[in-house]
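Take a look at the following structure, please.
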Amino acid sequence: MLNTQPSVSSLVDRHNRRFTYLRLSITDACNFRCSYCLPDGYCASAQDAPLSVEEIRLLVGAFAQNGTRKIRITGGEPTLRHDLAEIINVCKSTPGIETVTMTSNGYRLTKTLNSYIDAGLDSLNLSADSLQPETFKLITGHNKLEQVLNAIDLALDLGLTTVKVNAVLMREYNATEIGDFLEFVRNKPITLRLIELMQTGDNGDFYSAQHVSGIEIQQRLLKTGWLQVIRHPDAGPALEYTHPDYAGNIGLIMPYGQNFCDSCNRLRVASNGNIHNCLFNEANGNLRPFLIDGDTEKLGQYLRQVVLGKWQGHQLEQGFSGTTQHLAMLGG
Ligand code: SAM
Ligand code: SF4
């Protein structure tokens, strides 16, 4: 059911970009050890406790009053939180929020996805960096490809409107699997998104050795009959391609490509309440004090300021990847 609320949309930056999409990390903990993200596994830090359900309720309410219409729940691994169904329900029942989606590594989902859909989950992104069990294990540290593939099928069977699969491209791990990824969407109505590896504070050497440009793949797609889907004005930076012989689409996320930031429509909140107006920027501040006071009016004013401070583009080409050590801190 669509929640109705006047469209305020007051989060507009100096470059006329409108921020209607919140990526909300609900934990920085993870059960995987992806080579590009947490190669040594999750190590609990003295970071503040994750936002509580009540804090999330206030936070999402303030974002919605300022024009947010879509929320992606992410992590770390969001399914590690036992109150995830409640969090989904809080987001979905907030007036103004139209879509609640989630990014997950998929490993627990065959057991719990039903309850998340009952709570209001509309769509899902799952990560599968390889379709080869051995390579999947090498990348993630876990022999769980089968569970993730089952979760993809279950999400389709349960009728989620959109199911996307994320694969981060890495020269020595999965760059030879492009043909397999294309074949995977031949009969599956999903979008498989090939994501360029991004440099973070922790993965500099790995990035230098493994980064593959999406341009080569874009050229391959265009040469083999894939056509770029016309972008909705509110679509984010991913490019999407369709082909008459395939049930699914291919997405390309190329943060190092030109004009990547022009269509940015998202803000990010880390699990401790830090807000980031760019994935590759240090935190702009912490929202928790507003949540403790319950002052959503002041929080809205603060969000409008944070948006006005957003740079036109990231500085990745100059090697500046911000203070984010790895994307498990912020949710990608
Ligand atoms: N744990 C969940 C998962 O892996 O799907 C959600 C959090 S994860 C940080 C979100 C997405 O960011 C995943 O698709 C992951 O592959 C991607 N990601 C993490 N680190 C990345 C990096 N350095 N470059 C590109 N994508 C990255
Ligand atoms: Fe965990 Fe996701 Fe990072 Fe992999 S990419 S270590 S699953 S947070």
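Atoms within each ligand, like the ligands themselves, are counted from 1 in listed order.
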Problem - Tyr36 N/O to ligand 1 N/O under 3.5 Å - result: yes
Handout entry: Same cluster (ILVMFWY, side-chain, under 4.5 Å), Tyr21 and Leu11
Key =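 Per the 4.5 Å side-chain linkage, Tyr21 and Leu11 are not co-clustered.
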Fill in the blank from the handout: atom 1 (N) of ligand 1: closest protein heavy atom, distance to 0.1 Å, is Gly76 O, 2.9 Å
Exercise for the section: Indicate yes or no for a side-chain donor-acceptor contact from Gln228 to the backbone of Leu239 under 3.5 Å, with no hydrogens or angles considered. Expected result: no
Practice task
Ignoring hydrogens and angles, state whether a donor on the side chain of Asn203 or Gln210 is under 3.5 Å from an acceptor on the partner side chain.
Solution key: no
Handout entry: Nearest-contact summary for atom 17 (C) of ligand 1 - protein heavy atom, Å
Key = Val168 CG2, 4.2 Å
Exercise for the section: Describe, in one word, how the ring planes of Phe32 and Phe136 are oriented to each other, choosing from parallel (under 30°), tilted (30 to 60°) and perpendicular (over 60°). Expected result: perpendicular
Handout entry: Nearest non-hydrogen protein atom, atom 10 (C) of ligand 1
Key = Gly331 O, 3.5 Å
Exercise for the section: Report yes or no: does Glu196 have a heavy atom closer than 4.0 Å to ligand 1? Expected result: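 Checking ligand 1 against Glu196, which is what was asked, there is a heavy-atom contact under 4.0 Å.
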Exercise for the section: Please determine if Ser104 has a nitrogen or oxygen closer than 3.5 Å to a nitrogen or oxygen of ligand 1. Expected result: yes
Fill in the blank from the handout: Judged by heavy atoms only, the candidate from Asn105, Thr103, Asn125 nearest atom 11 (C) of ligand 1 is Thr103
Practice task
Please confirm whether Asn166 comes within less than 3.5 Å of ligand 1 when only nitrogen or oxygen atoms on both sides are compared.
Solution key: yes
Practice task
Answer yes or no: is there a donor N or O on one side and an acceptor on the other, between the side chain of Arg14 and the main chain of Leu308, under 3.5 Å?
Solution key: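 Side chain of Arg14 to backbone of Leu308, a donor-acceptor pair under 3.5 Å: yes, one is there.
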Practice task
Please state which part of Asn203 comes within less than 4.0 Å of ligand 1, counting heavy atoms only: side chain, backbone, both or neither.
Solution key: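 Looking at Asn203 and ligand 1, just side chain atoms fall under 4.0 Å.
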Exercise for the section: Could you grab the protein N, O or S atoms closer than 2.8 Å to atom 4 (Fe) of ligand 2 for me? Expected result: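 N, O, S partners closer than 2.8 Å: Cys34 SG.
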Problem - Aromatic ring pairing His243/Tyr246, orientation class (parallel under 30°, perpendicular over 60°, tilted between) - result: perpendicular
Exercise for the section: Check whether Val306 and Leu22 end up in the same hydrophobic cluster, where Ile, Leu, Val, Met, Phe, Trp and Tyr are linked by side-chain heavy atoms less than 4.5 Å apart. Expected result: yes
Handout entry: Residue that, paired with Leu291, satisfies side chain to side chain contact (heavy atoms under 4.5 Å, CB included) out of Thr296, Leu59, Asn286, Ile56
Key = Leu59
Problem - Side chain to side chain, Leu154 and Leu109, heavy atoms closer than 4.5 Å - result: no
Problem - Transitive ILVMFWY side-chain link Leu156 to Tyr107, under 4.5 Å - result: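 Per the 4.5 Å side-chain linkage, Leu156 and Tyr107 are co-clustered.
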Handout entry: atom 3 (C) of ligand 1 [closest protein heavy-atom partner, distance rounded to 0.1 Å]
Key =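 Checking every protein heavy atom, the shortest distance to atom 3 (C) of ligand 1 gives Ser127 OG, 3.4 Å.
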Exercise for the section: Could you check atom 24 (N) of ligand 1 against the protein and tell me its nearest heavy-atom contact, residue, atom and distance included? Expected result: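 The closest heavy atom on the protein side is Met198 N, 2.9 Å.
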Practice task
Distance to 0.1 Å, residue and atom name: give those for the protein heavy atom nearest to atom 12 (O) of ligand 1.
Solution key: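 Nearest neighbour among protein heavy atoms for atom 12 (O) of ligand 1, to 0.1 Å: Gly332 CA, 4.1 Å.
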Exercise for the section: Determine whether Phe63 and Val53 fall in the same hydrophobic cluster, where Ile, Leu, Val, Met, Phe, Trp and Tyr are linked whenever their side-chain heavy atoms lie under 4.5 Å apart. Expected result: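 Phe63 clusters together with Val53.
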Completion exercise
Of all protein heavy atoms, the one nearest atom 9 (C) of ligand 1 is Leu327 O, 3.5 Å
Handout entry: Nearest heavy atoms of Ile178 and Ile217, plus distance in Å
Key = CD1-CD1, 3.8 Å
Practice task
Answer yes or no: are there more than 12 heavy-atom neighbours, outside Asp245 itself, under 6.0 Å from its atom CG?
Solution key: yes
Handout entry: Any Gly106 heavy atom less than 4.0 Å from ligand 1
Key = no
Practice task
Any atoms of ligand 1 less than 4.0 Å from a non-hydrogen atom of Thr74? List them with their elements.
Solution key: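 Going through ligand 1 atom by atom, the ones under 4.0 Å from Thr74 are 6 (C), 7 (C).
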